[in-house]
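These figures come from a predicted structure and were not determined experimentally.
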Amino acid sequence: MQLLLSPLSPVPVASAALSAEFFLQGRFIFGPDVRSVFLTMFLIIAPVVAFCVFVARHLINDFPDSWGISVMVVAVVFTVYDLMLLLCTSGRDPGIIPRNTHPPEPESIDGINDTGVQTPQQFRLPRTKEVVVNGISVRVKYCDTCMLYRPPRCSHCSICNNCVERFDHHCPWVGQCIGLRNYRFFYMFVFSTTLLCLYVFAFCWVYVIKIRDAEQLSLWKALLKTPASIVLIIYCFLCVWFVGGLSVFHLYLMSTNQTTYENFRYRYDRRDNPYNRGILNNFLEIFCTAIPPSKNNFRARVTVEQGLQQTRSQSRGFMSPSMGKPIGDLEMGRKPVVPWDEPRTAADIRDLEAGLGGMFDEKEGRVAHASPDLSRDLPAEFVEGWSGMHSRQSSWVQRGGDAIEASAVQMANARTAEVSNHVARSGTR
(Lines give C-alpha, C1' and ligand atoms only; values in the text may rest on other atoms or scores of the structure.)
Protein backbone atom coordinates (compact mmCIF):
# COMPACT_ATOMS: atom_id res chain seq x y z
CA MET A 1 0.00 0.00 0.00
CA GLN A 2 1.25 3.46 -0.84
CA LEU A 3 2.00 5.93 1.91
CA LEU A 4 -0.26 8.92 1.47
CA LEU A 5 -0.12 12.30 3.17
CA SER A 6 -3.00 14.45 4.30
CA PRO A 7 -2.51 18.20 4.09
CA LEU A 8 -5.02 18.64 6.91
CA SER A 9 -3.00 16.64 9.41
CA PRO A 10 0.69 15.87 9.94
CA VAL A 11 0.20 12.10 9.72
CA PRO A 12 0.32 9.96 6.59
CA VAL A 13 -3.08 8.78 5.44
CA ALA A 14 -1.72 5.22 5.40
CA SER A 15 -1.44 5.39 9.18
CA ALA A 16 -4.82 7.09 9.48
CA ALA A 17 -6.45 4.28 7.52
CA LEU A 18 -4.33 1.23 8.23
CA SER A 19 -6.93 -1.30 7.15
CA ALA A 20 -8.30 0.57 4.14
CA GLU A 21 -8.11 -0.61 0.55
CA PHE A 22 -7.40 2.07 -2.06
CA PHE A 23 -8.44 1.97 -5.73
CA LEU A 24 -7.80 4.32 -8.65
CA GLN A 25 -4.99 6.13 -6.82
CA GLY A 26 -7.04 6.94 -3.76
CA ARG A 27 -10.25 8.00 -5.51
CA PHE A 28 -12.03 5.11 -3.82
CA ILE A 29 -11.36 3.90 -0.30
CA PHE A 30 -12.92 0.63 0.85
CA GLY A 31 -12.92 -1.17 4.16
CA PRO A 32 -10.83 -4.26 4.91
CA ASP A 33 -13.74 -6.57 4.04
CA VAL A 34 -14.22 -5.12 0.56
CA ARG A 35 -14.78 -8.62 -0.87
CA SER A 36 -18.24 -8.67 0.67
CA VAL A 37 -19.24 -5.92 -1.77
CA PHE A 38 -19.00 -8.40 -4.64
CA LEU A 39 -21.31 -10.78 -2.80
CA THR A 40 -23.81 -7.97 -2.31
CA MET A 41 -23.60 -7.06 -5.99
CA PHE A 42 -24.23 -10.68 -6.95
CA LEU A 43 -27.28 -10.88 -4.67
CA ILE A 44 -28.71 -7.84 -6.48
CA ILE A 45 -27.72 -8.52 -10.08
CA ALA A 46 -28.52 -12.24 -10.27
CA PRO A 47 -32.24 -11.93 -9.36
CA VAL A 48 -32.68 -8.96 -11.72
CA VAL A 49 -31.12 -10.90 -14.61
CA ALA A 50 -33.43 -13.85 -13.88
CA PHE A 51 -36.39 -11.46 -13.73
CA CYS A 52 -35.55 -9.89 -17.09
CA VAL A 53 -34.98 -13.23 -18.81
CA PHE A 54 -37.83 -15.32 -17.40
CA VAL A 55 -40.49 -12.75 -16.46
CA ALA A 56 -40.11 -9.25 -17.97
CA ARG A 57 -39.35 -10.62 -21.46
CA HIS A 58 -42.74 -12.32 -21.55
CA LEU A 59 -44.56 -9.21 -20.37
CA ILE A 60 -43.35 -6.99 -23.24
CA ASN A 61 -46.36 -7.81 -25.44
CA ASP A 62 -48.91 -8.05 -22.64
CA PHE A 63 -49.33 -4.28 -22.21
CA PRO A 64 -50.81 -1.86 -24.73
CA ASP A 65 -48.84 0.84 -26.55
CA SER A 66 -45.49 -0.89 -26.02
CA TRP A 67 -45.62 -0.24 -22.27
CA GLY A 68 -44.42 -3.78 -21.70
CA ILE A 69 -40.84 -2.84 -22.57
CA SER A 70 -40.87 -0.32 -19.74
CA VAL A 71 -41.09 -3.16 -17.20
CA MET A 72 -37.64 -4.40 -18.18
CA VAL A 73 -36.19 -0.89 -18.65
CA VAL A 74 -37.28 0.24 -15.18
CA ALA A 75 -35.81 -2.90 -13.62
CA VAL A 76 -32.45 -2.39 -15.34
CA VAL A 77 -32.25 1.37 -14.61
CA PHE A 78 -33.27 0.88 -11.00
CA THR A 79 -30.63 -1.82 -10.57
CA VAL A 80 -27.90 0.44 -11.98
CA TYR A 81 -29.03 3.22 -9.63
CA ASP A 82 -28.93 0.80 -6.70
CA LEU A 83 -25.40 -0.33 -7.56
CA MET A 84 -24.24 3.29 -7.83
CA LEU A 85 -25.52 3.95 -4.32
CA LEU A 86 -23.71 0.83 -3.14
CA LEU A 87 -20.48 2.16 -4.65
CA CYS A 88 -20.99 5.60 -3.08
CA THR A 89 -21.53 3.96 0.31
CA SER A 90 -18.69 1.47 0.16
CA GLY A 91 -16.03 3.41 -1.76
CA ARG A 92 -16.29 6.68 0.16
CA ASP A 93 -14.42 7.98 3.17
CA PRO A 94 -17.02 7.57 5.95
CA GLY A 95 -15.45 10.32 8.02
CA ILE A 96 -12.07 8.97 9.13
CA ILE A 97 -10.28 11.21 11.60
CA PRO A 98 -6.51 11.36 10.98
CA ARG A 99 -4.41 9.97 13.80
CA ASN A 100 -2.04 12.05 15.84
CA THR A 101 1.69 11.36 15.68
CA HIS A 102 2.00 11.94 19.44
CA PRO A 103 -0.41 12.17 22.37
CA PRO A 104 -2.01 15.53 23.18
CA GLU A 105 -0.63 17.73 25.92
CA PRO A 106 -1.16 16.11 29.33
CA GLU A 107 -3.17 17.78 32.06
CA SER A 108 -1.78 15.97 35.12
CA ILE A 109 1.53 14.58 36.34
CA ASP A 110 1.98 11.34 38.22
CA GLY A 111 5.12 11.56 40.34
CA ILE A 112 4.25 9.30 43.28
CA ASN A 113 3.53 5.62 42.98
CA ASP A 114 1.13 3.54 45.07
CA THR A 115 3.75 2.88 47.77
CA GLY A 116 4.33 6.59 48.32
CA VAL A 117 7.81 6.53 46.81
CA GLN A 118 8.77 9.42 44.53
CA THR A 119 9.23 8.23 40.93
CA PRO A 120 10.29 9.99 37.74
CA GLN A 121 7.52 12.24 36.52
CA GLN A 122 5.18 10.69 33.99
CA PHE A 123 2.31 12.43 32.28
CA ARG A 124 -1.07 10.73 32.46
CA LEU A 125 -3.87 11.79 30.16
CA PRO A 126 -7.41 11.81 31.58
CA ARG A 127 -9.59 9.03 30.27
CA THR A 128 -12.55 11.27 29.46
CA LYS A 129 -13.40 14.92 28.99
CA GLU A 130 -16.65 16.80 29.28
CA VAL A 131 -17.90 18.99 26.42
CA VAL A 132 -21.17 20.87 26.08
CA VAL A 133 -23.41 20.16 23.06
CA ASN A 134 -26.57 22.27 22.75
CA GLY A 135 -26.50 22.99 26.46
CA ILE A 136 -26.09 19.32 27.46
CA SER A 137 -22.85 17.92 28.87
CA VAL A 138 -21.42 15.10 26.74
CA ARG A 139 -18.46 12.94 27.68
CA VAL A 140 -15.80 12.30 25.05
CA LYS A 141 -13.20 9.56 25.44
CA TYR A 142 -9.53 9.23 24.64
CA CYS A 143 -8.56 6.79 21.87
CA ASP A 144 -5.31 4.97 22.63
CA THR A 145 -4.89 3.86 19.02
CA CYS A 146 -5.40 7.22 17.32
CA MET A 147 -3.93 9.20 20.27
CA LEU A 148 -6.70 11.78 20.30
CA TYR A 149 -9.88 12.69 22.12
CA ARG A 150 -12.76 11.59 19.97
CA PRO A 151 -15.18 14.34 18.95
CA PRO A 152 -18.82 13.91 20.01
CA ARG A 153 -20.61 11.07 18.19
CA CYS A 154 -17.25 9.66 17.08
CA SER A 155 -16.21 6.09 17.82
CA HIS A 156 -13.35 3.76 16.93
CA CYS A 157 -14.24 0.91 14.58
CA SER A 158 -12.49 -2.29 15.60
CA ILE A 159 -12.73 -3.70 12.06
CA CYS A 160 -11.46 -0.69 10.09
CA ASN A 161 -9.21 0.37 13.00
CA ASN A 162 -10.12 4.03 12.54
CA CYS A 163 -11.99 6.68 14.46
CA VAL A 164 -15.05 7.65 12.40
CA GLU A 165 -17.13 10.80 12.77
CA ARG A 166 -20.80 10.25 13.61
CA PHE A 167 -20.12 6.52 13.70
CA ASP A 168 -23.29 4.52 13.04
CA HIS A 169 -22.04 0.96 12.58
CA HIS A 170 -19.79 -1.17 10.41
CA CYS A 171 -21.87 -2.78 7.67
CA PRO A 172 -20.47 -6.12 6.47
CA TRP A 173 -22.70 -6.03 3.36
CA VAL A 174 -21.02 -2.90 2.01
CA GLY A 175 -17.62 -3.63 3.59
CA GLN A 176 -17.34 -0.16 5.07
CA CYS A 177 -18.07 1.88 8.17
CA ILE A 178 -21.22 3.97 8.05
CA GLY A 179 -20.49 7.46 9.31
CA LEU A 180 -20.92 11.16 8.70
CA ARG A 181 -19.94 11.21 5.03
CA ASN A 182 -21.75 8.12 3.70
CA TYR A 183 -24.80 7.62 5.94
CA ARG A 184 -27.03 9.42 3.43
CA PHE A 185 -25.99 7.08 0.62
CA PHE A 186 -26.31 4.06 2.89
CA TYR A 187 -29.94 4.76 3.65
CA MET A 188 -30.72 5.53 0.01
CA PHE A 189 -29.10 2.22 -0.95
CA VAL A 190 -31.09 0.22 1.61
CA PHE A 191 -34.36 1.95 0.71
CA SER A 192 -33.83 1.57 -3.06
CA THR A 193 -33.03 -2.11 -2.57
CA THR A 194 -36.32 -2.46 -0.71
CA LEU A 195 -38.18 -0.84 -3.61
CA LEU A 196 -36.39 -3.06 -6.12
CA CYS A 197 -37.43 -6.18 -4.19
CA LEU A 198 -41.04 -4.99 -4.10
CA TYR A 199 -40.93 -4.20 -7.83
CA VAL A 200 -39.67 -7.66 -8.81
CA PHE A 201 -42.03 -9.31 -6.34
CA ALA A 202 -45.07 -7.46 -7.73
CA PHE A 203 -44.41 -8.10 -11.42
CA CYS A 204 -43.72 -11.77 -10.80
CA TRP A 205 -47.26 -12.00 -9.43
CA VAL A 206 -48.53 -10.03 -12.43
CA TYR A 207 -46.96 -12.57 -14.74
CA VAL A 208 -48.45 -15.48 -12.77
CA ILE A 209 -51.91 -13.93 -12.88
CA LYS A 210 -51.67 -13.33 -16.63
CA ILE A 211 -50.79 -17.01 -17.13
CA ARG A 212 -53.76 -18.03 -14.98
CA ASP A 213 -56.18 -15.82 -16.91
CA ALA A 214 -54.80 -16.72 -20.34
CA GLU A 215 -54.93 -20.51 -19.83
CA GLN A 216 -57.82 -20.65 -17.35
CA LEU A 217 -55.75 -22.41 -14.72
CA SER A 218 -55.74 -22.36 -10.95
CA LEU A 219 -53.24 -20.17 -9.19
CA TRP A 220 -51.14 -23.16 -8.12
CA LYS A 221 -50.98 -24.57 -11.66
CA ALA A 222 -50.10 -21.15 -12.99
CA LEU A 223 -47.20 -20.97 -10.56
CA LEU A 224 -45.97 -24.35 -11.77
CA LYS A 225 -45.87 -22.92 -15.30
CA THR A 226 -43.16 -20.44 -14.26
CA PRO A 227 -40.71 -21.90 -11.71
CA ALA A 228 -38.49 -18.82 -12.01
CA SER A 229 -41.33 -16.66 -10.67
CA ILE A 230 -41.70 -18.96 -7.67
CA VAL A 231 -37.99 -18.63 -6.83
CA LEU A 232 -38.04 -14.84 -7.28
CA ILE A 233 -41.19 -14.44 -5.19
CA ILE A 234 -39.68 -16.40 -2.30
CA TYR A 235 -36.32 -14.64 -2.62
CA CYS A 236 -37.82 -11.15 -2.68
CA PHE A 237 -40.19 -11.99 0.17
CA LEU A 238 -37.26 -12.97 2.40
CA CYS A 239 -35.07 -10.05 1.37
CA VAL A 240 -37.75 -7.42 1.84
CA TRP A 241 -38.06 -8.38 5.50
CA PHE A 242 -34.38 -7.66 5.97
CA VAL A 243 -33.87 -4.49 3.90
CA GLY A 244 -37.39 -3.27 4.59
CA GLY A 245 -36.98 -3.69 8.32
CA LEU A 246 -33.62 -1.95 8.13
CA SER A 247 -35.21 0.94 6.22
CA VAL A 248 -37.93 1.38 8.84
CA PHE A 249 -35.43 1.19 11.71
CA HIS A 250 -33.15 3.84 10.20
CA LEU A 251 -36.19 5.96 9.41
CA TYR A 252 -36.88 6.02 13.14
CA LEU A 253 -33.22 6.79 13.90
CA MET A 254 -33.20 9.72 11.49
CA SER A 255 -36.43 11.13 12.91
CA THR A 256 -34.85 11.24 16.37
CA ASN A 257 -31.31 12.08 15.14
CA GLN A 258 -29.66 8.99 16.58
CA THR A 259 -27.09 6.57 15.28
CA THR A 260 -27.30 2.82 15.60
CA TYR A 261 -24.41 2.90 18.06
CA GLU A 262 -26.07 5.57 20.20
CA ASN A 263 -29.39 3.76 20.13
CA PHE A 264 -27.88 0.58 21.55
CA ARG A 265 -25.36 2.28 23.83
CA TYR A 266 -26.96 5.36 25.32
CA ARG A 267 -30.73 4.76 25.05
CA TYR A 268 -31.81 8.37 24.51
CA ASP A 269 -35.40 7.45 25.31
CA ARG A 270 -34.28 7.45 28.94
CA ARG A 271 -32.47 10.80 28.84
CA ASP A 272 -32.19 13.93 26.73
CA ASN A 273 -30.72 13.64 23.25
CA PRO A 274 -28.48 16.68 22.67
CA TYR A 275 -28.60 16.21 18.88
CA ASN A 276 -32.40 16.03 18.39
CA ARG A 277 -33.54 19.17 16.54
CA GLY A 278 -37.06 18.08 15.67
CA ILE A 279 -38.26 15.63 13.02
CA LEU A 280 -38.14 18.03 10.07
CA ASN A 281 -34.75 19.51 10.92
CA ASN A 282 -33.36 16.04 11.58
CA PHE A 283 -34.28 14.88 8.07
CA LEU A 284 -32.99 18.11 6.56
CA GLU A 285 -29.68 17.56 8.36
CA ILE A 286 -29.31 14.10 6.83
CA PHE A 287 -30.42 14.75 3.25
CA CYS A 288 -30.16 18.49 2.60
CA THR A 289 -26.94 19.64 4.22
CA ALA A 290 -23.59 19.73 2.43
CA ILE A 291 -21.38 16.74 3.11
CA PRO A 292 -18.19 17.99 4.82
CA PRO A 293 -14.95 17.40 2.92
CA SER A 294 -12.72 14.54 3.91
CA LYS A 295 -10.03 15.25 6.48
CA ASN A 296 -7.67 13.04 4.46
CA ASN A 297 -6.11 13.52 1.06
CA PHE A 298 -5.83 9.94 -0.10
CA ARG A 299 -4.19 10.89 -3.39
CA ALA A 300 -1.20 12.84 -2.05
CA ARG A 301 2.12 11.06 -1.65
CA VAL A 302 4.44 11.11 1.32
CA THR A 303 8.22 11.19 1.03
CA VAL A 304 10.39 8.39 2.37
CA GLU A 305 11.88 10.72 5.00
CA GLN A 306 8.42 11.68 6.25
CA GLY A 307 7.37 8.06 6.37
CA LEU A 308 10.43 7.07 8.40
CA GLN A 309 9.89 9.99 10.73
CA GLN A 310 6.31 8.92 11.34
CA THR A 311 7.37 5.33 11.92
CA ARG A 312 10.09 6.23 14.41
CA SER A 313 8.03 8.76 16.37
CA GLN A 314 7.53 7.66 19.97
CA SER A 315 5.60 9.12 22.89
CA ARG A 316 8.21 9.19 25.63
CA GLY A 317 7.21 10.08 29.16
CA PHE A 318 3.48 9.75 28.49
CA MET A 319 1.15 7.24 30.07
CA SER A 320 -2.01 6.12 28.38
CA PRO A 321 -5.16 6.73 30.39
CA SER A 322 -5.80 3.00 30.16
CA MET A 323 -2.39 1.98 31.54
CA GLY A 324 -2.68 0.14 34.83
CA LYS A 325 -6.45 -0.01 34.53
CA PRO A 326 -8.82 -2.80 33.58
CA ILE A 327 -9.05 -3.30 29.84
CA GLY A 328 -12.52 -3.77 28.47
CA ASP A 329 -15.03 -2.32 26.09
CA LEU A 330 -16.25 0.38 28.44
CA GLU A 331 -18.51 1.90 25.82
CA MET A 332 -20.25 -1.37 25.07
CA GLY A 333 -20.56 -2.31 28.73
CA ARG A 334 -18.52 -5.49 28.53
CA LYS A 335 -16.90 -6.93 31.63
CA PRO A 336 -13.35 -5.60 31.92
CA VAL A 337 -10.37 -7.90 32.04
CA VAL A 338 -7.67 -7.01 34.55
CA PRO A 339 -4.30 -7.72 32.92
CA TRP A 340 -2.25 -6.15 35.77
CA ASP A 341 -3.41 -7.51 39.07
CA GLU A 342 -0.68 -6.48 41.51
CA PRO A 343 -1.36 -9.10 44.24
CA ARG A 344 -1.67 -11.85 41.64
CA THR A 345 1.45 -10.65 39.82
CA ALA A 346 3.44 -10.54 43.06
CA ALA A 347 2.33 -14.06 43.88
CA ASP A 348 3.32 -15.25 40.42
CA ILE A 349 6.76 -13.69 40.80
CA ARG A 350 7.21 -15.30 44.23
CA ASP A 351 6.35 -18.64 42.67
CA LEU A 352 8.87 -17.94 39.93
CA GLU A 353 11.49 -17.04 42.52
CA ALA A 354 10.87 -20.27 44.43
CA GLY A 355 10.99 -22.30 41.23
CA LEU A 356 14.23 -20.69 40.12
CA GLY A 357 15.75 -21.18 43.57
CA GLY A 358 14.82 -24.87 43.54
CA MET A 359 16.18 -25.28 40.05
CA PHE A 360 19.49 -23.71 40.97
CA ASP A 361 19.68 -25.78 44.17
CA GLU A 362 19.10 -28.91 42.11
CA LYS A 363 21.75 -27.90 39.61
CA GLU A 364 24.14 -27.03 42.43
CA GLY A 365 23.66 -30.49 43.95
CA ARG A 366 24.45 -32.15 40.65
CA VAL A 367 27.62 -30.12 40.29
CA ALA A 368 28.78 -30.98 43.81
CA HIS A 369 28.14 -34.66 43.19
CA ALA A 370 30.04 -34.67 39.90
CA SER A 371 33.03 -32.74 41.20
CA PRO A 372 33.15 -31.71 44.87
CA ASP A 373 36.09 -29.39 44.15
CA LEU A 374 34.48 -27.86 41.09
CA SER A 375 33.98 -24.52 42.84
CA ARG A 376 37.75 -24.11 42.99
CA ASP A 377 37.93 -24.54 39.20
CA LEU A 378 35.23 -21.99 38.43
CA PRO A 379 36.06 -18.35 37.73
CA ALA A 380 35.78 -16.07 40.70
CA GLU A 381 33.23 -13.81 39.03
CA PHE A 382 31.04 -16.82 38.24
CA VAL A 383 31.11 -17.95 41.88
CA GLU A 384 30.29 -14.43 43.04
CA GLY A 385 27.44 -14.22 40.56
CA TRP A 386 26.19 -17.61 41.78
CA SER A 387 26.22 -16.54 45.41
CA GLY A 388 24.46 -13.27 44.65
CA MET A 389 21.68 -14.88 42.67
CA HIS A 390 19.22 -15.28 45.55
CA SER A 391 19.84 -11.77 46.82
CA ARG A 392 19.05 -10.39 43.38
CA GLN A 393 15.92 -12.49 43.12
CA SER A 394 14.41 -10.74 46.14
CA SER A 395 14.22 -7.46 44.21
CA TRP A 396 12.24 -9.01 41.39
CA VAL A 397 9.07 -9.09 43.44
CA GLN A 398 9.18 -5.34 43.94
CA ARG A 399 9.71 -4.56 40.30
CA GLY A 400 7.42 -7.22 38.74
CA GLY A 401 6.06 -7.30 35.23
CA ASP A 402 6.44 -9.38 32.15
CA ALA A 403 9.84 -7.89 31.27
CA ILE A 404 11.29 -8.94 34.66
CA GLU A 405 9.92 -12.45 34.28
CA ALA A 406 11.49 -12.74 30.83
CA SER A 407 14.84 -11.51 32.17
CA ALA A 408 14.69 -14.03 35.00
CA VAL A 409 14.08 -16.91 32.61
CA GLN A 410 16.94 -15.77 30.36
CA MET A 411 19.30 -15.48 33.33
CA ALA A 412 18.30 -18.92 34.57
CA ASN A 413 18.97 -20.46 31.15
CA ALA A 414 22.36 -18.73 30.93
CA ARG A 415 23.45 -19.92 34.38
CA THR A 416 22.25 -23.45 33.66
CA ALA A 417 24.21 -23.53 30.41
CA GLU A 418 27.38 -22.36 32.16
CA VAL A 419 27.03 -24.98 34.88
CA SER A 420 26.47 -27.71 32.29
CA ASN A 421 29.58 -26.64 30.36
CA HIS A 422 31.75 -26.79 33.49
CA VAL A 423 30.31 -30.17 34.41
CA ALA A 424 31.13 -31.46 30.95
CA ARG A 425 34.71 -30.16 31.15
CA SER A 426 35.23 -31.67 34.59
CA GLY A 427 33.92 -35.03 33.39
CA THR A 428 36.46 -35.20 30.57
CA ARG A 429 39.44 -34.55 32.87
Side-chain angles (χ1 to χ4, degrees), residues 33-63 66-91 168-176 178 182-215 217-254 260:
D33 47 350
V34 62
R35 294 179 182 85
S36 61
V37 178
F38 297 101
L39 174 61
T40 304
M41 294 176 63
F42 174 79
L43 294 176
I44 295 173
I45 295 175
V48 173
V49 171
F51 171 77
C52 293
V53 172
F54 298 104
V55 177
R57 181 170 61 89
H58 299 289
L59 292 175
I60 293 178
N61 299 323
D62 290 342
F63 291 91
S66 300
W67 280 100
I69 190 65
S70 63
V71 177
M72 182 180 297
V73 171
V74 170
V76 173
V77 172
F78 211 81
T79 301
V80 173
Y81 170 72
D82 197 38
L83 294 177
M84 290 178 60
L85 291 175
L86 173 62
L87 182 62
C88 290
T89 304
S90 180
D168 190 89
H169 68 288
H170 183 93
C171 181
W173 297 101
V174 302
Q176 181 65 282
I178 307 302
N182 65 346
Y183 181 80
R184 175 187 306 177
F185 301 104
F186 169 76
Y187 183 78
M188 295 172 64
F189 164 69
V190 173
F191 186 71
S192 63
T193 305
T194 303
L195 295 180
L196 183 60
C197 288
L198 293 176
Y199 182 86
V200 174
F201 181 83
F203 275 98
C204 284
W205 277 113
V206 169
Y207 181 52
V208 171
I209 292 175
K210 285 189 172 292
I211 293 177
R212 184 196 65 178
D213 296 340
E215 301 185 13
L217 300 173
S218 64
L219 184 62
W220 175 249
K221 291 183 179 179
L223 284 171
L224 295 179
K225 287 282 186 177
T226 170
S229 296
I230 299 176
V231 174
L232 289 173
I233 288 173
I234 296 175
Y235 179 81
C236 292
F237 178 79
L238 296 176
C239 289
V240 79
W241 280 102
F242 173 69
V243 292
L246 201 59
S247 300
V248 173
F249 175 67
H250 280 277
L251 194 67
Y252 159 73
L253 293 179
M254 288 187 296
T260 303

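- No side-chain donor-acceptor contact under 3.5 Å links Thr226 to the backbone of Ala222.
- Distance CZ/Phe42 to CD1/Ile44: 12.0 Å, rounded to 0.5 Å.
- In this structure the side chain of Phe242 never reaches within 4.5 angstrom of the side chain of Val190, judged on heavy atoms.
- Atom CZ of Phe63 has more than 12 heavy atoms from other residues, nucleotides or ligands within 6.0 Å.
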| task | I would like to know whether Phe189 and Asn182 meet side chain to side chain contact (heavy atoms under 4.5 Å, CB included); could you show each step before the answer? | result | CA-CA 11 Å; Phe189 164 69; Asn182 65 346; over 6 Å; no

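- More than 12 heavy atoms of other shown residues, nucleotides or ligands fall within 6.0 angstrom of atom NZ in Lys210.
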| So Trp241 and Phe237, side chain to side chain contact (heavy atoms under 4.5 Å, CB included) or not? Walk me through it. | CA-CA 7 Å; Trp241 280 102; Phe237 178 79; 3.2 Å; yes

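- Put simply, the side chain of Met41 reaches to within 4.5 Å of the side chain of Leu86, judged on heavy atoms.
- Nearest approach of Leu43 to Trp173, heavy atoms of both residues: CD1-CZ3, 3.9 Å.
- The CD1 atom of Ile211 sits 8.5 Å away from the CG atom of Leu223 when rounded to the nearest 0.5 Å.
- Ring to ring, Phe191 and His250 are not that close: their centroids are 6.0 angstrom or more apart.
- Atoms CG and CG, on Leu246 and Leu251 in that order, are 11.5 Å from each other to the nearest 0.5 Å.
- Counting all heavy atoms, side chain and backbone alike, Ser229 lies closest to Val55 at OG-CG2, 3.6 Å.
- Side chain of Ser90 to main chain of Val174: a donor-acceptor pair is present (N/O by atom type, distance under 3.5 Å, no hydrogens or angles).
- Using cut-offs of 30° and 60° for the angle between ring planes, the Phe201 and Trp205 rings count as perpendicular.
- A salt bridge is absent between Glu215 and Lys221: the closest approach of a Lys/Arg side-chain nitrogen to an acidic carboxylate oxygen does not fall below 4.0 angstrom.
- Annotation: side chain of Asp33 is in contact with side chain of His170 (closest heavy-atom distance under 4.5 Å).
- Applying the 6.0 Å contact sphere to CG of Asp213 captures more than 12 heavy atoms from other residues, nucleotides or ligands.
- Rounding to the nearest 0.5 angstrom, the gap separating the CZ atom in Arg57 from the OH atom in Tyr207 is 8.0 Å.
- In this structure, CH2 on Trp220 lies 6.0 Å from CD1 on Ile230, to the nearest 0.5 angstrom.
- Side chain of Ser192 to main chain of Asp82: no donor-acceptor pair is present (N/O by atom type, distance under 3.5 Å, no hydrogens or angles).
- Test Thr79, Val240, Val74 against Leu196 for side chain to side chain contact (heavy atoms under 4.5 Å, CB included) and you get one pass: Thr79.
- Rounding to the nearest 0.5 angstrom, the gap separating the SG atom in Cys88 from the CG atom in Leu83 is 11.0 Å.
- Using a 4.5 Å heavy-atom cutoff, the side chains of Phe249 and Thr260 are in contact.
- Residues Cys204 and Val200 are in side-chain contact: their nearest non-hydrogen atoms beyond the backbone lie under 4.5 Å apart.
- Counting only heavy atoms from C-beta outward, the side chains of Val71 and Tyr199 approach each other to under 4.5 Å.
- At least one side-chain heavy atom of Met254 sits less than 4.5 Å from a side-chain heavy atom of Tyr183.
- Summarising the geometry of Cys197 relative to Cys239, their closest heavy-atom pair is SG-CB, 3.9 Å, with the distance given to 0.1 Å.
- Judged by distance alone, the side chain of Thr89 and the main-chain N or O of Phe185 form a donor-acceptor pair under 3.5 Å.
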